[in-house]
Structure formats: structure tokens, C-alpha cells
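Okay, so here's the structure we're looking at.
Atoms within a ligand are numbered from 1 in the order they appear, just like the ligands themselves.
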Amino acid sequence: MTTELLPNFFAGRWQTGTGAGIPLFDPVLGTELVRVSNAGVDLAEGFAFAREQGGQALRAMTYAQRAAMLGKIVEVLQAHRDEYYAISTANSGTTTRDSGVDIDGGIYTLGYFAKQGAALGEAKCLLDGQRIRMAKDPAYQTQHIQVPTEGVALFINAFNFPSWGLWEKAAPALLAGAPVIVKPATATAWLTQRMVRDVVDAGVVPAGALSVICGSSAGLMDQLQPFDVVSFTGSAETGRIIRSHPAVSERSVRCNIEADSINSALLAPHATEGSEAFNLLVTEVVREMTQKSGQKCTAIRRIFVPRAVYDAAAAAIAAKLGKTSVGNPRNESVRMGALVSSEQKAAVLAGLAQLKTEADLLFDGNTTALVDAADTSACVAPVLLGHRQPEQALVLHSVEVFGPVATLMPYDSVDQVLAMIRRGEGSLVCSVYSEDPAFTAQVSLKLAAWHGRVHAISPDVAALHSGHGNVMPMSLHGGPGRAGGGEELGGLRALNFYHRRAAIQGSNQALDLLAAQGVALPL
Ligand code: NAP
């Protein structure tokens, strides 16, 4: 039986691609769910429509009006949450809790920007810093301002966050006044398409402000013009293709890349077995390995502990992982669902085989039967690896296995462990577990040079902290080097990407009138 071919919302109307389309599957049951295609869709028309109609309508609004629009999107999405959970279970193979990270995480991020954006009021531009004198006579000064870019924001997204991945980018883009075209990863495009459909059908965004195009990415980058921006999330390999596209290299299209990452967790040198810091690390490692089956770009891949507690840490993590039931997320006893596709399962197993060429197997949940799922499903249980001489390892510091897999490594000195963490060549996040604030402060300064975020956990924040891998809208997301060099979120800093900065040099009289239309970002 042929399943529904999902239409694209492009050039202000629903357009169904031609041909059979690409099928999307249930990774647990193996059944076909829907199909996607953009074959035959006029890309140039859709980009022009978004750029002109959507852009003009959004820029005619103030920040407060656009923030109110985000609030309305939140209401629409809240009203359809149950359907989103059903799609997520079917298409991503996730448990209810893991679907929530994606769905409610996206809605929460929108709500955050709705609230923060309201505080920007009726302004039309952002005032960037103070006025600066440019002559002896103070009548002539310069004021830097930021205005919404006059182009579209193209999002090329990864498969692991079809909801959050859309809204964490769309919230600041729409607040800034940039129309959005999202191209979700094909494997899980259904949820993104459905959310856009609901928002568009509810009539809460102007024509051209939000478009979705599913299926092939061919030709999308070719459409980009000088004032457009592209925000990519996915593998380092595809990131390289995006970065070297003529739109970026010749037309200076602004480009943000969020790529893969070998994130670390670090237990402080003074931590003993069973200490609060030790227990906090163990809990967080297990959560990171199993949440969304380890399919988070921020997930912990390398775990560094003092050599004296290596065996104890291995035993404690393995004991907790052993309690993780894996299988069909529709069964309430299941704690961890599937990977998103059989292709991802094959990629994870191949990556695991590569890591095993260097590492020892400390725990393998795959020896236990799956719950309500066949061995042919895309389920993979958690695997903990270890290496007693990690300085000698190569692949452990360079290969990202995008699944429930992490490697435990002992260290002998702070300098040595920092050098090993640095071998990740730039990561999204490193978490530190310590009862000594002086140590935390000292290593955070070092780690900040190679990470977008340092998640520093001590007993006093044990019950408060937001989690190593959870990306919160008020904190920066992105990382240098291998992680792509991108920056997202970080509160209202996220607006910068969708604005153009200009210096206005002139008389105070003109600058006063300009300032009356602007607002300083309350960072
Ligand atoms: P991917 O294969 O690189 O695909 C990402 C997106 O790029 C998809 O929408 C894909 O479309 C599209 N694409 C593929 N080839 C393209 C091309 N030549 N030109 C333009 N677009 C192209 O990555 P993925 O497998 O979906 O995601 C997993 C990776 O993403 C992991 O490595 C993970 O670490 C990383 N990730 C990073 C972050 C972060 O914030 N740093 C967040 C999540 C995931 P199709 O699906 O149609 O091929």
C-alpha cells in the first residue's frame, strides 16, 4: 500500500512533489509511514516568495509584535501535542519522555523567545553599544545598529531533533524578522512538516514567513543570495559541503554550522568512589548515554575519571545501564527506544566496531533481549567501553558514534586530562563534576577555549542543574573547531545571526531620532 505523500508548504501554498517520493519508516516495526518529495517544486519561486512577501511582512512588525506571534505559535503547538507525540513514537522510535525532550523542548524555547522578545518593545532595530565621538566636537558621533537581514533564513536540519531543531532556530529568526525555510532531515521529516502545517493552517504567521520543503536537498543552496543566511545542523561531512558551496564562498551568505562533537565529562581529581561528585557523574553519564538512545549532538562520548576510581566508575555506570530496558517505546516498561532508522543502526554498529579496535568492552546491553521488538528493529542497547591508557588511543578521541555508546578513560594529572579533552578538536559541551569550586573555576577557564558550553556541577546545584546534554535557550549552543564553529541561542544573542550590523556616523540630532526607533539588547 502506498502511503500519503506529504505536501511541502512553499511559495505560500501546499505543493505535493511529483513521483513516488521517499518513504519514512517506523524504526521499531519497520512499517512505512508517509512519503516525502519536492520533485517538480519551483525552488526559485519559493525562495523569492519568502524573501519578498514573508520578509516585508515580518519587518513591518515590531519586536513586540513578532514576540506575540511566537506566543501564538506556542498556543497552536500546545493544542496539537498529542499528535506530535504519536508521530515521534512512530517515526523516531522514542519513548514518551524522550519525545518530550524534542517536542516540549521546542515549545519551551519558543516560549522563552516570546517572553524575552516582548521586552524589546515597539523597536525596529537594535542599538549596538554606546555612541562614540568621532571628532573634537561631540556633534559628530558613530552609533552601531543592527537591522533585520533582508533575506531568508534557510535551515538544513539533522534527523535527531525534528521539533526542537526547527524551533530553536525559528524562534530567534522570526523574532528578528527573517522568514524561515526549513528543510528537515528526510528520515524524521514528518514531525517538522506537521508542526509547520498546524502553524500555517492556524493563520498565526504572515504569508511567506514559514515554509517547509521535505525530501532532497538538491538545489537549495543554489537559491541563496547575498542577504540570506543558512543555518545547518548535521554531520561534519555535510557541513563541509555547505561551507564550500559558492553561495557561501562567493556570495558571502552568512553560514552557521552545528556539526558533530566528541563531548567529555570530567570527574575532579579529588573525587572518591561514592562521593557526591562521583555519583553525580555516574547518573549523568547514564542519562546521556540512554536519552534519545544517545542520538544527541551534545551527548557524553568520553568520560574522564581519576585512575584510582576507574574500576569503581565502570562498575557503577554498568550497574545502572543494566537496568535500562530497551525496545518498543509503546511498551510502558521500556526506558530506551530505537535509533531513528536501520541506516543509523548500521552506522552505530560500524562506529562501535571501530572504537572496539582500541577499547575494551566494559558493558554490553545487547546481550539482553529487546522488549516487544524484533532483532531486526533499529534498537541498539547501551555499550560502555574503556581504555586504561587513553593517551595512546586515536579513534576514541576522533570518532563520534551517534548512539548509546561512551568510553571511560582514567587520567593521572589535570594537565594530562585537559590535553586529552583538547584532542576532541573543539566540542559542544564538557561537564565537570567537582566538590571544589576552585578546581571548577580553574578548569572552566581552560575548557572554555575548546567548548561552546561548560556544564559545571557540584552538590549545591545537583537538584537544580539542567543536564549535560540539554540545550537551554538562555545558554550558548555551538562549539569551535570540529563542532562546526557555530553559535546558536545564548538568549537574545541569537538575534545577531539574523541581523546586519552597520555603523551610522552623523550628527547627534540624526542619531537621536535613530535611537528612538531602536532598543539595546538586554544581555
Ligand atoms: P547529515 O547526514 O549531515 O544531514 C543533515 C542535513 O543535511 C539533512 O537535512 C540532510 O538531508 C542534509 N543534507 C545531506 N546532504 C546534503 C547536501 N549535499 N547539501 C545540503 N544538505 C544536505 O546529518 P544527520 O545524519 O541528519 O545528523 C547526524 C549528525 O548531526 C551527527 O553527527 C550529530 O552530531 C550532528 N548534530 C549536530 C548538532 C549540533 O547542534 N551541533 C545537533 C544535532 C545533530 P537528508 O536527510 O535528506 O539527507
Between Asn263 and His451, do the side chains contain a donor N or O and an acceptor N or O under 3.5 Å apart?
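Side chains of His451 and Asn263: no pair found under 3.5 Å.
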Less than 3.5 Å apart, any donor N or O on the side chain of Ser92 or Thr188 sitting next to an acceptor on the other?
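Note: Ser92 and Thr188 side chains miss the donor-acceptor criterion.
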Does the cation-pi check pass for Lys169 over Phe497, that is, NZ or CZ under 6.0 Å from the six-membered ring centre and within 45° of its axis?
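Negative - Lys169 is either too far from the ring of Phe497 or too far off its axis.
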Pairs under 3.5 angstrom only: tabulate donor-acceptor contacts from the side chains of residues 395-402 to other protein residues two or more places apart or in another chain.
| from | atom 1 | to | atom 2 | distance (Å) |
| --- | --- | --- | --- | --- |
| His397 | ND1 | Arg302 | NH1 | 2.8 |
| His397 | NE2 | Pro390 | O | 2.9 |
| Ser398 | OG | Leu394 | O | 3.2 |

So which pairs with a foot in residues 350-360 pass side-chain hydrogen bond (donor to acceptor under 3.5 Å, both in side chains), sequence neighbours left out?
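Those involving residues 350-360 do not exist here.
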Heavy-atom cut-off of under 4.0 Å around ligand 1: list whichever protein residues fall inside it, by chain and number.
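Its neighbours under 4.0 Å (heavy atoms only) are Ile156, Asn157, Ala158, Phe159, Asn160, Lys183, Pro184, Ala185, Thr186, Gly215, Ser217, Phe232, Thr233, Gly234, Ser235, Thr238, Ile241, Ile242, Glu258, Ala259, Asp260, Cys297, Glu400, Phe402, Leu428, His477, given by chain and number.
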With sequence neighbours excluded, what pairs up with Phe304 under the ring pair (Phe, Tyr, Trp, His ring centres under 6.0 Å) test?
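Residues passing ring pair (Phe, Tyr, Trp, His ring centres under 6.0 Å) with Phe304: none at all.
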